[in-house]
Each structure stands twice: as C-alpha cells, then as structure tokens.
Participant: 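If you scroll down you'll find the structure; I have some questions about it.
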Amino acid sequence: MERYYEFIQQRKDQMYSSLKEIVEHESPSHEKELLDQLTDWISNQFEKLTGGKTRIIQNEHYANHVVGEIGTGDKQLLILAHFDTVWEKGTLEKIPFSIKDGIARGPGIFDMKAGLIQGLYALHALKELGTKLNKKIVCIFDGDEEIGNPSSQQLIENEAKKSEAVFVLEPAMSTEGSLKTSRKGVGIFTIKVTGVPAHSGIDPEKGVSAIEELADVIKYFQSLNDYEKGTTLNVGTVSGGTTSNVVAEEAFGELDLRVKTKEEFDRVIPLIKGVKAKTKGAKVVIEGGINRLPLERTKEVEDMFHTAKDLAEKHLGFELTEKETGGGSDGNLTAPFAPTLDGLGAVGDGAHANHEYVVLEEMPKRTALLAMLLETYGK
Ligand SMILES: [Zn+2]
C-alpha cells in the first residue's frame with residue numbers, strides 16, 4: 001500500500017502543474033463556453049493519465065459533463081467531482097493561481113479543483129503500478145453542482161444505483177482534513193405574496209401590504225428553526241413593492257431549508273407549504289421542495305469511514321477524523337442509493353470565500369488514500 005504514496009511523491013510536481021492548469025481554466029457554473037472547454041480538458045487528461053475511456057454528456061444550457069470509465073466488471077465503484085465554481089469570470093485576474101509557503105490559491109482550488117486532480121492522479125497511480133481490480137470504476141465530472149445539479153442529477157443518481165460504493169472528492173472539512181460523514185439535506189422554496197395596492201397618502205386603509213404579509217411569513221419560518229435537531233430555515237433574499245408611496249401589491253422571498261434526516265423533511269415541508277395569509281385580501285403562494293436528500297451517517301457510511309481511517313493510520317501515518325456539515329454536495333444525491341464517503345478531496349479552507357486555499361503537501365497523502373480505498377473496495 002505504501003507504494004502509492006511513494007509513486008505520487010515522485011510525480012507531485014506534475015500533479016501541481018495539472019492543478020495550475022485546471023485553476024487557470026475558469027469555470028463559473030453559468031459560463032457554458034468556458035465550462036465546455038474544461039470538459040474537453042478533463043476528458044483528455046483522464047484518458048491520458050488513467051488509460052480509461054470517456055464520454056461527454058452534451059447539454060444545451062448547462063455544462064457538458066464527463067463520464068470516465070476504467071476496467072470492467074459486473075460491479076462498479078463511483079467517483080464524483082464537479083468542475084464548476086462559484087467564481088465569476090475574471091476572478092482569476094484578481095486572485096491568480098499562486099503557490100507560496102506551501103499554500104496554493106486560486107478561484108475554485110479548494111472547492112474542488114484540487115480534489116478532482118487528486119482523483120485523476122490516484123487513478124494514474126493504480127494504472128502505472130499495475131493494480132488489478134475486479135470492479136469497474138466510473139467517474140462523473142459534472143459542471144453544475146454549485147447551482148444544484150439541474151442537468152446532472154439524473155446521471156449521478158443512475159450511476160449511484162449501479163454502484164457498490166461512492167467516493168466524493170469534495171474538499172475536506174477545514175484544515176484538519178476531516179471526511180464528511182453526514183451532510184444536511186437541502187430544500188429550496190420561493191415565496192410569492194400578493195396584496196392590494198393603494199395610495200399610501202390618500203386611502204392606505206383600502207390597501208393590503210404584500211410586504212407586511214411577507215414579513216409575517218418570514219417570522220413564522222424563523223420560528224420553525226430547531227438548532228438541536230439541526231433544522232434551519234433562512235429567507236435569504238426579499239424583494240417587493242414599487243415605490244414608497246404605494247401599499248405594495250407584490251412581495252417575493254427565497255427560503256433555504258436544511259435538515260439532517262428524511263423524516264425531518266416530511267415534518268417541516270408541510271408546515272412551510274401550509275402557510276396561509278393572515279390578512280384578508282392577501283395571498284401567499286409557496287413553491288419548491290427538496291433539492292437534495294441528506295447524506296445520513298448510516299452503518300455503511302461509518303464502516304467506510306473506518307476503513308479509510310485505518311488505511312490513513314497504517315500506511316500514511318496520520319489520523320483521519322470525521323465531521324458533519326450543513327452544506328450539500330453531489331454526495332447527497334448518491335447517498336440514498338449507495339454508501340457514500342465525502343470530503344476525500346483537498347485539505348485547506350475558504351470554500352466560496354476570498355481566502356480559499358489548499359495545503360499543497362496534503363495532496364499526495366489524500367491522493368494515496370483514495371488509491372488505497374479504490375484498491376480495497378475494488379477487489
Ligand atoms: Zn463543491
């Protein structure tokens with residue numbers, strides 16, 4: 001098992017230059033042209049490094065996705081990495097790729113381009129060291145994770161159904177490098193309130209303010225927060241009204257719901273959907289629902305974590321820890337169908353934040369860990 005780490009240590013400069021290349025290829029979730037260029041780059045790198053084959057899933061509006069396959073077998077393992085980032089085009093000029101004191105920076109480097117590169121090099125190591133597996137390895141590189149997988153959800157779920165285990169190369173939890181063995185489920189809702197417009201100076205009593213009604217709805221949603229259960233509701237955007245001297249006819253909001261279990265979704269969603277207007281003449285319409293189910297820490301997930309922990313301790317000499325997170329990922333999509341281990345990607349900090357970075361010397365370790373996991377589960 002030690003040979004993976006040795007091999008990757010010898011190839012680490014090549015791995016870091018691949019990291020530079022992928023980071024310098026900007027890929028905001030809505031820039032189809034940029035995304036598709038990166039799709040082609042990933043597809044080429046995959047074939048070159050792993051000896052596997054790829055196919056490109058074409059999309060009209062969103063990124064094209066890459067599906068890579070290595071080996072054969074009735075059974076399969078699935079690896080997931082998304083290549084879109086939350087950073088808009090041009091961010092690279094403000095935060096260029098850089099390495100200083102063992103810290104690498106650049107837009108999307110932590111979430112999750114470094115993890116994707118680690119995945120490619122883990123598979124490269126398996127190929128070059130001649131590891132024979134009895135299972136097929138399928139990799140999905142999707143380009144719409146940051147916007148909720150509008151075009152890759154089906155693809156990911158279908159492959160998960162065929163898989164024995166899923167490895168997600170999302171960043172680890174902060175600098176400690178913890179794996180993510182529990183992720184909250186996500187619900188997304190829109191709130192639309194309709195009132196009755198009136199002149200605020202002449203006959204305000206004839207009006208019904210949609211904004212006031214929306215404020216009540218927000219207060220109600222806030223009251224459903226249950227931090228002990230891990231259930232959170234956040235109305236993150238509001239808009240409405242026309243000008244200050246008109247009683248607002250319309251108001252809108254967007255609600256984000258996070259829960260730890262499927263049961264909690266079943267309990268809270270009817271409360272959200274059942275909200276009624278308090279004032280006569282006002283109307284509240286709630287649309288939306290579950291975006292991702294939770295990744296629950298089942299017995300199988302726990303077993304996977306312990307396998308990874310043992311491998312890290314025995315062969316890499318470090319202690320692997322686990323954490324739960326409120327953030328969703330591709331792992332939430334696969335968890336209902338196959339045991340999923342998430343957070344196997346880069347070690348660093350600052351996902352979606354200006355200080356985003358990756359600890360470079362952790363990359364060979366994490367790459368070796370993934371290679372060892374694939375050897376263990378692929379036999
Ligand atoms: Zn991510």
Participant: Between Asp310 and Thr307, is there a side-chain donor-acceptor contact under 3.5 Å, judged purely by atom types and distance?
Facilitator: no
Participant: Indicate yes or no: does Glu302 engage Lys299 in a salt bridge with an N to O separation below 4.0 Å.
Facilitator: no
Participant: How are the rings of His355 and Tyr357 set relative to one another: parallel (under 30°), tilted (30 to 60°) or perpendicular (over 60°)?
Facilitator: tilted
Participant: Testing Glu324, Glu296, Glu228 for salt bridge (Lys or Arg N to Asp or Glu O under 4.0 Å) with Lys260, which one passes?
Facilitator: Glu324
Participant: Is there a side-chain contact (heavy atoms from CB on, under 4.5 Å) between Val138 and Leu78 once you walk through the steps?
Facilitator: CA-CA 5 Å; Val138 177; Leu78 181 62; 3.9 Å; yes
Participant: Would you indicate whether Lys89, at its atom NZ, is surrounded by more than 12 heavy atoms from other residues, nucleotides or ligands within a distance under 6.0 Å?
Facilitator: no
Participant: Between Lys309, Arg183, Arg297, which is the residue that forms a salt bridge (Lys or Arg N to Asp or Glu O under 4.0 Å) with Glu322?
Facilitator: Arg297
Participant: Is Met15 linked to Leu129 within one hydrophobic cluster, defined over Ile, Leu, Val, Met, Phe, Trp and Tyr using a side-chain heavy-atom separation of less than 4.5 Å?
Facilitator: yes
Participant: Just one of Arg267, Lys184, Glu264, Arg258 clears the side-chain hydrogen bond (donor to acceptor under 3.5 Å, both in side chains) bar with Thr231, so which one?
Facilitator: Glu264
Participant: Does a side chain donor of either Thr321 or Glu176 reach within less than 3.5 Å of an acceptor in the other side chain?
Facilitator: yes
Participant: Would Val284 and Tyr220 satisfy side-chain contact (heavy atoms from CB on, under 4.5 Å), going step by step from the backbone distance to the final call?
Facilitator: CA-CA 13 Å; Val284 179; Tyr220 171 65; over 6 Å; no
Participant: Would Glu6 and Arg3 pass as an ion pair if we require N to O under 4.0 Å?
Facilitator: no
Participant: I'd like to know if Lys136 pairs up with Glu69 as an ion pair, taking the criterion as any Lys NZ or Arg NE/NH1/NH2 lying under 4.0 Å from an Asp or Glu carboxylate oxygen.
Facilitator: yes
Participant: Around atom NZ of Lys192, are there more than 12 heavy atoms from other residues, nucleotides or ligands closer than 6.0 Å?
Facilitator: no
Participant: Would you mind telling me which of Asp216, Ile211, Ile218 makes a side-chain contact (heavy atoms from CB on, under 4.5 Å) with Leu214?
Facilitator: Ile218
Participant: Check for a donor-acceptor pair, side chain of Lys180 on one end and backbone N or O of Pro171 on the other, with a separation under 3.5 Å.
Facilitator: yes
Participant: Do Lys113 side-chain atoms and His25 backbone N/O form a donor-acceptor pair below 3.5 Å?
Facilitator: yes
Participant: Between Leu34 and Ser27, is there a side-chain heavy-atom distance shorter than 4.5 Å?
Facilitator: no
Participant: Would you call Phe337 and Glu157 a side-chain contact if the rule is heavy atoms closer than 4.5 Å?
Facilitator: yes
Participant: Looking at His352, is its backbone amide N or carbonyl O close enough to the side chain of Asp111 to form a donor-acceptor pair, meaning the two atoms are under 3.5 Å apart?
Facilitator: no
Participant: Check whether the side chains of His30 and Glu88 place a donor and an acceptor atom closer than 3.5 Å, and report yes or no.
Facilitator: no
Participant: Quick one: do the Asn245 and Thr243 side chains pair a donor with an acceptor below 3.5 Å?
Facilitator: yes
